[in-house]
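Beneath this line is the structure, given in structure tokens, with notes to follow.
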Amino acid sequence: MNTVAAIDPRHAAGQRLRERVFRSATFVAALLVLILLGGVALLLLHGAWPAFAQFKLGFLTREVWNPVTEQFGALAAVYGTVVTSFIALLLAIPVGFGIAIFLTELAPQWMKRPVGVAIELLAAVPSIIYGIWGLFVLAPILQRHVQPWMIDHLGPLPAIGRLFQGPPFGIGVLTASLVLAIMVIPFISAVTRDVFETVPDVLKESAYGLGATTWEVIWQVVVPYTRTGMIGGIMLGLGRALGETMAVTFVIGNAHRIGSSLLAPGTTISAAIANEFAEADAGLYTSSLVALGALLFLITFSVIAIARLLLVRLERRAMSSV
Amino acid sequence: MSRRTLRRLLNVLALGLSGVATAIGLFFLAAILWTLVKNGVAGLSPQVFKAMTPPPGSAGGLLNAIYGSIAMTLMGILIGAPIGMLAGTHLAEYGRNSRLSAVIRFVNDVLLSAPSIIVGLFVYELLVVTMGHFSALAGAVALAIIAMPVTVRTTEDMLNLVPQGMKDASTAMGAYPWRTITDIVYPAARSGLVTGLLLAVARISGETAPLLFTALNNQFWSTNLNAPMANLPVVIFQFALSPYPNWQQLAWTGALLITFSILVLSIVARVVVARLNPAGKR
């Protein structure tokens, strides 16, 4: 039947038309991805314009955030974002790295899948859940047991002591960093595990053949081979930590100031937006919040872009070495 | 101590620590789930599914929020997934090797990990400002923008798994590419595409930040797409931070509901993948 139909000129024309329609539809949809990114950048810039025009470069360098006198500066929020993400990565990298080693080199076959899925589920838990857990479970524990110890024992130390002084609030920069660390762990371990698996077995086997221990194979063969990919994974985790909103909003305390102590409340870009946007009056206040969003977009975009480029480079090398 | 024992010791220590790291990760998952069960189950009653969100101090449920969440998630998927699948099809088939596709792939990966609050701000500027008020539609569009890159990625990956020989056979029979794609490639990749959809649903159903200033919240029952609509994440956000015990209880119950729905979805999606790809390559 089909052969007869295919000769029918009207049928053939219909087929060609549908081909053109389908093909253009997929193309337009693909272009939409580009348009979306461009649209986000343009609209954020448009919304942020009044604030940028009013405060100029001062928006980036001032700590003040006062809705009453309409004076806004992004420094405290940017500082909070960078510091919480940095501490979160400091805590999450060793743990994520360890999990990847455990899953690729150590775990018996029957254990790999369930444990791997469980760690991945850590990434599926919505961020608001981390928020309420952090506020109602983690913060009280830190306030009662961990922070008093830190203030007594780390506070008097020279240099780093300043980071651990002041009253134990429970919520604050340190708590936010801890929650972020837990959220970032699955990202780092997933990417690290994936890049570990790109190492050719021959490389590992030759190291084992020379008498290397498992740890030596990992540290001296697997890690150097996958360095770019691991950095890519860490940057992806960083991208997530920088933009994370709800979890941080619950536990950071939302104070627009730069405190020397990690135990004090602070704020991040995303937490400030989530907290204040709904109640901000239109005009300079709203515009300043959008400007914060534009800054966050710029920061995360660069971080994610670098991460993806590193991962792509590793992928290419893995392809060419097969 | 000989160098040999030192090396062995270091090995045992390092591998032991990697086991500890895994235990830490699993501990936090267990701790979070345990907290949700402990605090959430107490408030779990038929009332939750029958009554609306209450004013402080009186009894109530989460019906309007559950409805709003499901409605907006479905709409988000209905808008975002078809576009994402078409774009993924372009990347995997028509534009597989073009330079433009490489750029689109890269931009899509960036969107995939972009902070969701940025999407919220974008839709606020795009729809809420121009329409003059918060609406369920704006919420759905925000969720669609988050779902789209996920489906683009999974669609492309899944279509790439379809053997080239099958496509060639179809082409040799005289089929146009669209026919090959819709009649041969899509059915062959069906379970993978379903997985992508499930993952996209799981991803957007817990999103809070993009709904905060698009759909906002609504204390009452509303099916009006042009008005603010209640939804579980924002209700959890408001109720958990409130000083009222009955609101906090509802927040925990909502948190329990939403987390377990998402975990079930994620596990089902993985089972589908495992069946699609029994060789065990995730």
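By convention in this document, chain letters (A, B, ...) are assigned in the order of the sequence lines, proteins followed by strands, and residues within each chain are numbered from 1.
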At a 4.5 Å cut-off on heavy atoms, which part of [X] comes close to chain A: side chain, backbone, both, or neither?
| X | result |
| --- | --- |
| B:Leu212 | side chain |
| B:Phe106 | side chain |
| B:Leu199 | neither |
| B:Ala240 | both |

Among [options], which residue forms the greatest number of heavy-atom pairs with chain B at distances under 4.5 Å?
| options | value |
| --- | --- |
| A:Ala30, A:Gly243, A:Pro126 | A:Ala30 |
| A:Leu36, A:Leu44, A:Val290, A:Val137 | A:Leu36 |
| A:Val28, A:Ile132, A:Val21, A:Leu236 | A:Ile132 |
| A:Ile182, A:Val303, A:Leu135, A:Ile101 | A:Ile182 |
| A:Ala305, A:Ser189, A:Gly134, A:Gly239 | A:Ala305 |
| A:Val115, A:Val95, A:Val125 | A:Val95 |

With side chains defined as the heavy atoms from C-beta onward, is the minimum distance between [X] and [Y] less than 4.5 Å?
| X | Y | result |
| --- | --- | --- |
| B:Ser266 | A:Leu121 | yes |
| A:Val33 | B:Met148 | yes |
| B:Leu112 | A:Ile304 | no |
| A:Phe136 | B:Asn39 | no |
| A:Val40 | B:Leu121 | no |
| A:Arg16 | B:Tyr176 | yes |
| B:Ile117 | A:Ile269 | no |
| A:Trp133 | B:Leu36 | no |

What pairs with B:Arg270 under salt bridge (charged side-chain N to carboxylate O under 4.0 Å, His left out), at least two apart in sequence or on another chain?
-> A:Glu120
Count the heavy atoms belonging to other residues, nucleotides or ligands that lie under 6.0 Å from NE2 of B:His133, then report whether that count exceeds 12.
-> yes
Do other residues, nucleotides or ligands put more than 12 heavy atoms under 6.0 Å from B:Arg96 CZ?
-> yes
What part of [X] gets closer than 4.5 Å to chain B, counting heavy atoms only: side chain, backbone, both or neither?
| X | answer |
| --- | --- |
| A:Ile273 | both |
| A:Ile218 | side chain |
| A:Phe187 | neither |
| A:Leu138 | neither |
| A:Leu242 | neither |
| A:Thr249 | side chain |
| A:Leu106 | side chain |

From [atom1] ([X]) to [atom2] ([Y]), nearest 0.5 Å:
| X | Y | atom1 | atom2 | answer |
| --- | --- | --- | --- | --- |
| A:Arg18 | B:Thr182 | CZ | OG1 | 9.0 Å |
| B:Ile118 | A:Leu298 | CD1 | CG | 10.0 Å |
| B:Thr130 | A:Leu43 | OG1 | CG | 9.0 Å |
| B:Ile262 | A:Ile129 | CD1 | CD1 | 7.5 Å |
| B:Asn108 | A:Leu32 | CG | CG | 11.0 Å |

Verify side-chain contact (heavy atoms from CB on, under 4.5 Å) between B:Ser113 and A:Arg308, making sure each step is shown before the conclusion.
-> CA-CA 10 Å; B:Ser113 7; A:Arg308 292 293 175 186; 3.5 Å; yes
Give the member of [options] that has the highest number of heavy-atom pairs under 4.5 Å with chain A.
| options | result |
| --- | --- |
| B:Ala21, B:Gly206, B:Ser205 | B:Ala21 |
| B:Gly120, B:Gly19, B:Pro177 | B:Pro177 |
| B:Leu216, B:Ile104, B:Leu241 | B:Ile104 |
| B:Ala209, B:Pro82, B:Ser116, B:Ala175 | B:Ala209 |
| B:Ile236, B:Ile24, B:Val119 | B:Ile236 |

Among residues 25-35 of chain B, those lying within the under-4.5 Å heavy-atom range of chain A are B:Gly25, B:Leu26, B:Phe28, B:Leu29, B:Ala31, B:Ile32, B:Thr35
Full working for side-chain contact (heavy atoms from CB on, under 4.5 Å) between A:Thr245 and B:Thr208 | CA-CA 9 Å; A:Thr245 309; B:Thr208 316; over 6 Å; no
side-chain contact (heavy atoms from CB on, under 4.5 Å) assessment of A:Leu31 paired with B:Leu100 | CA-CA 9 Å; A:Leu31 278 186; B:Leu100 183 66; 4.1 Å; yes
ring-ring contact (aromatic ring centres under 6.0 Å, His included) between A:Phe277 and B:Tyr124, intermediate numbers included | CA-CA 10 Å; A:Phe277 200 81; B:Tyr124 173 86; 4.6 Å; yes
For the student: nearest non-hydrogen atoms of B:Pro233 and A:Ile128, plus distance | O-CD1, 3.1 Å
Please tabulate, one pair per line, all N/O donor-acceptor pairs under 3.5 Å involving side-chain atoms of residues 83-95 of chain B, not counting sequence neighbours.
{"unit_1": "B:Thr89", "atom_1": "OG1", "unit_2": "B:Met85", "atom_2": "O", "d": "2.6"}
{"unit_1": "B:Thr89", "atom_1": "OG1", "unit_2": "B:Tyr186", "atom_2": "OH", "d": "2.6"}
{"unit_1": "B:Glu93", "atom_1": "OE2", "unit_2": "B:Lys167", "atom_2": "NZ", "d": "3.2"}
{"unit_1": "B:Tyr94", "atom_1": "OH", "unit_2": "A:Glu19", "atom_2": "OE2", "d": "3.0"}

I'd like a table of donor-acceptor pairs (distance under 3.5 Å, sequence neighbours excluded) in which one partner is a side-chain atom from residues 6-13 of chain B, with atom names and distances.
{"unit_1": "B:Arg7", "atom_1": "NE", "unit_2": "A:Glu216", "atom_2": "OE1", "d": "3.3"}
{"unit_1": "B:Arg7", "atom_1": "NE", "unit_2": "A:Glu216", "atom_2": "OE2", "d": "2.6"}
{"unit_1": "B:Arg7", "atom_1": "NH2", "unit_2": "A:Gly211", "atom_2": "O", "d": "2.9"}
{"unit_1": "B:Arg7", "atom_1": "NH2", "unit_2": "A:Glu216", "atom_2": "OE1", "d": "2.8"}
{"unit_1": "B:Asn11", "atom_1": "OD1", "unit_2": "A:Trp215", "atom_2": "N", "d": "2.8"}

Output, in order, the C-alpha distance, side-chain angles, deciding distance and verdict of side-chain contact (heavy atoms from CB on, under 4.5 Å) for A:Thr213 and B:Leu15.
-> CA-CA 11 Å; A:Thr213 62; B:Leu15 296 186; over 6 Å; no
